[in-house]
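Below is one structure, written out as structure tokens; comments come after it.
Residue numbers count from 1 along this sequence. Hydrogens, waters and symmetry mates play no part in the numbers below; they use all other heavy atoms, side chains included. Read the numbers this way: they start at 1 and go in the same order the structure lists the ligands and their atoms.
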Amino acid sequence: MTKTYTGSCHCGAVRFEADIDLSKGTFKCNCSICTKSRNWLAMVKPEAFRLLKGEADLADYQFGRKVIHHLFCRHCGIHPFGWADSPDFGGKGYAVNILSLDDVPEKELVDAPVTYTDGRNDNWKEPPTETRYL
Ligand SMILES: [Zn+2]
């Protein structure tokens, strides 16, 4: 069921709302940035994402092909979401770090299906051989 959640960075400078159906699936990836930042993501379309405050508090980090905007709070360093506008992702979309949601019941996190992707090898359609540490 799609629900509207509120998320934020750690210091509270950045706040957002996102309409997410966690039962439709979440993603963990072994690429270099997902591993280091322990990303656990849900993908949403632009109409399902609303930045409430903190646009000027967000810094934008890009690397590699510079397709994905890895946003983080310039005060506390937390990365509540990122976005990309690319045919690879079906147009524009947001990747919400679901652990930055403030009002998601623990049970919904426990029950959320997780798809693992082998981003480290640009093999996005397959899971990596090892997922236990992700
Ligand atoms: Zn912050």
Side-chain angles (χ1 to χ4, degrees):
M1 185 178 74
T2 300
K3 291 172 64 174
T4 300
Y5 299 97
T6 304
S8 62
C9 64
H10 191 263
C11 73
V14 177
R15 290 188 68 77
F16 65 94
E17 268 180 2
D19 310 322
I20 305 172
D21 185 348
L22 288 171
S23 71
K24 290 246 173 82
T26 63
F27 296 88
K28 292 185 180 181
C29 172
N30 68 349
C31 80
S32 56
I33 194 160
C34 283
T35 298
K36 290 200 179 214
S37 51
R38 301 193 61 77
N39 276 331
W40 185 11
L41 304 171
M43 306 302 176
V44 299
K45 289 291 176 194
E47 57 270 22
F49 182 90
R50 294 168 296 280
L51 183 64
L52 301 177
K53 64 182 271 213
E55 182 148 24
D57 301 296
L58 286 164
D60 188 355
Y61 173 63
Q62 293 191 286
F63 68 98
R65 292 189 297 132
K66 302 198 172 175
V67 172
I68 304 170
H69 297 262
H70 302 273
L71 303 182
F72 63 95
C73 173
R74 61 176 82 246
H75 310 291
C76 68
I78 294 297
H79 46 97
F81 62 89
W83 68 274
D85 189 355
S86 163
D88 296 354
F89 303 101
K92 186 170 183 183
Y94 286 81
V96 175
N97 182 357
I98 62 173
L99 292 176
S100 71
L101 299 175
D102 295 308
D103 51 4
V104 58
E106 191 174 57
K107 175 142 179 36
E108 290 180 27
L109 292 174
V110 171
D111 291 343
V114 179
T115 297
Y116 292 92
T117 59
D118 188 12
R120 184 178 301 166
N121 297 302
D122 273 329
N123 187 19
W124 304 95
K125 302 245 189 298
E126 302 288 333
T129 51
E130 182 56 81
T131 61
R132 286 175 295 181
Y133 65 91
L134 295 174

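For the atom pair SG (Cys31) and CG (Asn39), the distance works out to 7.5 Å, reported to the nearest 0.5 Å. With values rounded to the nearest 0.5 angstrom, Thr117 atom OG1 is found 10.5 Å from Asp122 atom CG.
With hydrogens and angles ignored, the 3.5 Å screen pairs a side-chain donor or acceptor of Thr35 with a backbone N or O of Asn30.
Ring planes of His69 and Trp83: parallel class, angle under 30° (limits at 30 and 60°).
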**Residue pair Phe16, Phe49: steps toward the ring-ring contact (aromatic ring centres under 6.0 Å, His included) verdict** = CA-CA 7 Å; Phe16 65 94; Phe49 182 90; 5.4 Å; yes
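Heavy atoms only, all atoms of each residue included: Gly91 and Asp85 are closest at C-OD1, 3.6 Å.
Around the Zn ion (ligand 1), the protein N, O or S atoms found under 2.8 Å comprise Cys9 SG, Cys11 SG, Cys73 SG, Cys76 SG.
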